[in-house]
Chemist: 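Sharing a structure here in structure tokens format.
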Amino acid sequence: MMRFRLSLLIFLTSLANVFAISQYAPYDYGFDISRRVKREVARRSELVLQPKTSSDLVVRQEIRQLEQDKDVWTLYILGLSMLQFTDQASPASYYGLAGIHGMPHVVWGGVQPVQGNENTGYCTHSSILFPTWHRAYMALYEMIASFWPESERPRYEAAARRFRIPYWDWAAPPPPGESVLPLSIGGSPFVDVNGPNGVQRIANPLFSYNFRPLDTKAFSFGPWNTWTRTLRGPSSTGPDAQSNNSLVAMNLDQNRGSLAQRLYTLFSGYDNYTTFSSNAFGPQADSVESIHDTIHGLVGGFGPGQASSQAGHMGYLQWSAFDPIFFLHHTMVDRILAIWQTLHPTAWITPSRSLTNSYTIRKGQVLSSNTALAPFFSHDNGSFWDSDGVRDHTKFGYTYAELLGPPTFSHNMAVTAQVRTVRQAVNRMYGSFSPASLFLKELRASGFKTSSGKATTGHNFSRSTMAGKIFVGDRYHEWTANVGVGKQALDGDGVVASSVNFFLGDAPRDPREWTATTNHVGTMGVFASVGGYGISGNQGGAHDVAVSGTVPLTAALMKKVAAGELASLRPRDVEPYLKGNLKGIVLGRKGEVLTECVDGIMVGIVSSEVTAPWSEEELPRWEEGKISFEMC
Ligand SMILES: *[C@@H]1O[C@H](CO)[C@@H](O)[C@H](O)[C@H]1NC(C)=O
Ligand SMILES: *[C@@H]1O[C@H](CO)[C@@H](O)[C@H](O)[C@H]1NC(C)=O
Ligand SMILES: *[C@@H]1O[C@H](CO)[C@@H](O)[C@H](O)[C@H]1NC(C)=O
Ligand SMILES: *[C@@H]1O[C@H](CO)[C@@H](O)[C@H](O)[C@H]1NC(C)=O
Ligand SMILES: [Cu+2]
């Protein structure tokens with residue numbers, strides 16, 4: 001490992017070259033670090049994703065928390081900066097790592113494509129391997145981001161031991177006055193870092209990745225062949241395009257409630273791994289992947305407020321991994337997986353056929369928990385990690401604060417203390433938009449005795465109160481817009497959907513005004529598609545599979561109940577109300593406003609009966625949803 005730390009340093013490009021390309025430099029350590037190490041190219045053995053010993057278990061922090069730990073934060077910024085200034089030809093450079101996912105569709109670590117799939121990346125989407133492939137990906141990134149110059153080891157030794165990559169929780173309430181998008185990510189293209197050689201102003205490695213250089217052979221068509229750095233909500237498709245992080249921030253803030261509700265439902269109402277894992281159209285509409293898709297779209301600049309006819313890198317599967325926010329987002333996705341696994345210890349991958357092509361997987365091939373997660377090496381003989389191998393994330397030396405100790409994968413269904421603790425955390429973190437949180441609050445206030453449990457479920461709240469309008473006993477209705485996106489809306493030269501947006505009442509004509517409207521209910525991002533690139537053909541057009549997701553309506557309806565515009569959450573009140581007031585608008589890839597019922601888009605309004613939790617250590621129990629009516 002030490003040997004690799006040294007060899008990595010030599011990949012730094014010369015500073016002169018860097019100055020010519022970019023306004024901001026990397027950190028100047030005061031000596032030429034490249035002269036201290038032998039020049040060599042990373043060997044496969046150095047790309048092996050190594051497990052750690054259990055004594056190395058450290059919590060991955062939320063990015064705002066990590067920022068409070070000054071030495072670790074400094075290491076993080078310096079390490080990421082160094083990675084980004086590493087020669088793009090190295091597989092252990094930022095470019096090399098990001099390039100595993102999609103573009104530039106090249107061999108990494110010698111792992112060859114299957115014939116015919118050369119024009120895709122290694123990433124698995126619309127696939128039961130989506131969560132585990134990206135888990136290994138983040139672990140590899142964490143391993144390679146954790147190399148620092150030898151000379152800094154004494155000062156930062158303790159900090160280096162407790163460094164793990166942070167995640168970005170886009171569903172958590174931001175501190176007062178702040179956006180869901182942290183300033184450290186979107187606030188400034190440069191950052192003043194107090195490194196070993198004093199305070200220096202360097203390129204902010206979380207704001208953007210600057211291609212050094214942009215390879216216009218690999219990125220051969222516009223706007224990707226003109227944008228020399230990654231962009232969010234780009235102002236134009238030209239070479240001088242700027243990111244609009246405030247637009248992205250507003251867009252995310254507008255959707256935080258929707259995202260929190262989706263997570264809460266995913267944790268409480270989704271028990272089947274197949275359904276949970278991927279956005280492929282299935283019996284339940286949502287999934288960890290669909291929720292993740294929405295973030296990709298919003299960060300890219302799709303959805304409310306779309307500024308130009310073109311979204312930035314995060315909005316497109318094949319370019320997304322170059323934006324540094326990708327890794328913060330996917331660490332959050334890994335955390336969702338880890339929390340869900342703890343709540344569903346026996347649920348796991350059951351074999352099924354791949355719906356999509358990737359660099360090493362053929363459409364139609366049977367996928368299982370033993371399928372290689374290529375190109376993530378487990379040994380230097382060239383074998384790969386598989387999903388069973390990464391099922392327990394703690395072997396990579398990290399965990400998340402909500403999870404006490406290693407997960408238990410027993411087949412014993414008895415609820416462990418760990419599960420109760422995780423449920424409590426889920427209630428506290430993501431339950432605030434759900435009727436469940438109102439029920440728990442009323443329980444505490446009214447002195448219902450939770451210990452007497454079901455004996456009191458017949459009790460009704462007074463009809464004159466909010467709780468009385470929402471609950472019958474301990475039961476209530478959840479309302480969801482289930483969105484299916486078929487092939488016709490994903491690909492080809494015609495209409496290509498990028499987001500489906502819901503409003504109660506009319507929406508402003510101009511989507512740029514949507515970020516400020518109070519009647520916006522939520523946005524579902526469509527990310528699975530890789531069509532609509534403006535070139536015919538084969539840029540990974542393998543992802544032509546029908547996908548689905550949801551936009552929860554319950555929190556918006558509860559506001560209407562509180563305002564006296566709706567009598568209750570029961571179908572006899574809600575169904576006519578939604579038929580009269582719910583508006584769905586599809587935005588296309590170029591930001592164009594389409595009607596709700598574009599070819600290929602299906603919207604079903606679903607109500608589900610739910611039993612509220614009687615303590616924070618329980619989660620709501622969902623019954624199968626019923627289609628109330630079809631909007632499209
Ligand atoms: C960023 O987007 C917001 C919201 O659409 C807009 O008001 C603002 O003018 C944009 N800023 C720039 C610099 O384009
Ligand atoms: C999970 O859902 C899939 C897809 O609908 C189904 O084939 C499978 O039988 C389900 N698994 C369990 C354990 O119910
Ligand atoms: C690689 O080494 C591991 C550990 O020794 C072994 O389990 C595996 O079978 C080997 N794989 C190949 C392809 O040789
Ligand atoms: C609670 O309300 C429901 C629906 O109005 C009713 O059927 C039930 O009898 C009520 N329970 C009690 C204990 O009053
Ligand atoms: Cu992603």
Side-chain angles (χ1 to χ4, degrees), residues 126-128 179 181 186-189 231-238 240-254 269-287 289 298-312 340 344-355 366-369 411 413 439 446 448 452 454-465 467-477 508 510-517 520 545-546 548 567-573 587 591 609 611-612 624-625:
S126 304
S127 163
I128 51 169
S179 161
L181 184 67
S188 166
L231 294 165
R232 304 172 190 141
S235 54
S236 78
T237 53
D240 54 358
Q242 302 289 318
S243 282
N244 189 339
N245 279 283
S246 12
L247 177 151
V248 173
M250 284 189 286
N251 214 338
L252 288 162
D253 292 342
Q254 182 78 295
Y270 284 66
D271 299 337
N272 180 316
Y273 190 89
T274 305
T275 310
F276 160 83
S277 63
S278 105
N279 64 15
F281 201 88
Q284 279 180 299
D286 221 355
S287 61
E289 187 180 12
L298 296 176
V299 173
F302 282 131
Q306 188 162 338
S308 79
S309 59
Q310 172 78 45
W340 191 89
H344 304 88
T346 61
W348 195 232
I349 294 169
T350 50
S352 69
R353 288 189 188 279
S354 179
L355 301 170
V366 175
L367 303 177
S368 74
S369 58
H411 289 266
M413 291 301 286
F439 189 81
S446 70
F448 278 35
S452 59
K454 298 295 117 181
T456 53
T457 49
H459 187 105
N460 284 327
F461 296 101
S462 158
R463 280 293 286 163
S464 61
T465 64
K469 297 185 173 84
I470 304 293
F471 303 106
V472 177
D474 59 356
R475 292 165 68 78
Y476 59 94
H477 281 87
D510 185 347
R512 278 172 299 185
E513 288 169 33
W514 291 357
T515 52
T517 55
H520 174 267
V545 69
S548 63
S568 78
L569 286 185
R570 276 171 258 182
R572 65 162 183 265
D573 296 319
L587 289 183
E609 283 199 68
T611 306
E624 205 172 314

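Counting starts at 1 for both ligands and their atoms, in listed order.
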Chemist: For atom 14 (O) of ligand 1, is there a protein heavy atom at a distance under 4.0 Å?
Modeler: yes
Chemist: Go through the side-chain N and O atoms of Ser126 and Asn279 and say whether any donor and acceptor fall under 3.5 Å apart.
Modeler: yes
Chemist: Name the closest protein heavy atom to atom 8 (C) of ligand 2, giving the residue it belongs to and the distance to 0.1 Å.
Modeler: Asn272 ND2, 3.7 Å
Chemist: Going by heavy-atom distance to atom 4 (C) of ligand 1, choose the closest among Met250, Glu513, Arg512.
Modeler: Met250
Chemist: Have Arg232 and Ser243 got a donor and an acceptor in their side chains that come within less than 3.5 Å?
Modeler: no
Chemist: Do Ser179 and Asp253 meet the criterion of a side-chain donor-acceptor pair at a distance under 3.5 Å?
Modeler: yes
Chemist: Give the numbers and elements of all ligand 4 atoms closer than 4.0 Å to a heavy atom of Val472.
Modeler: 2 (O), 3 (C), 4 (C)
Chemist: Is there a side-chain contact between Trp514 and Leu587, using heavy atoms and a 4.5 Å cut-off?
Modeler: yes
Chemist: Taking the six-membered ring for Trp, are Phe471 and Phe461 parallel (under 30°), tilted (30 to 60°) or perpendicular (over 60°)?
Modeler: tilted
Chemist: Judging by distance only, is a nitrogen or oxygen of Asn460 under 3.5 angstrom from one on ligand 4?
Modeler: yes
Chemist: Could you find the nearest protein heavy atom to atom 2 (O) of ligand 1 and give me its residue, atom name and distance?
Modeler: Asn244 ND2, 2.3 Å
Chemist: My understanding is that we take every heavy atom of each candidate and find the minimum distance to atom 5 (O) of ligand 2. Doing that for Ser352, Ala347, Pro283, Ala280, which one comes out nearest?
Modeler: Pro283
Chemist: Do Asp573 and Ser568 have side-chain N/O donor and acceptor atoms under 3.5 Å apart?
Modeler: yes
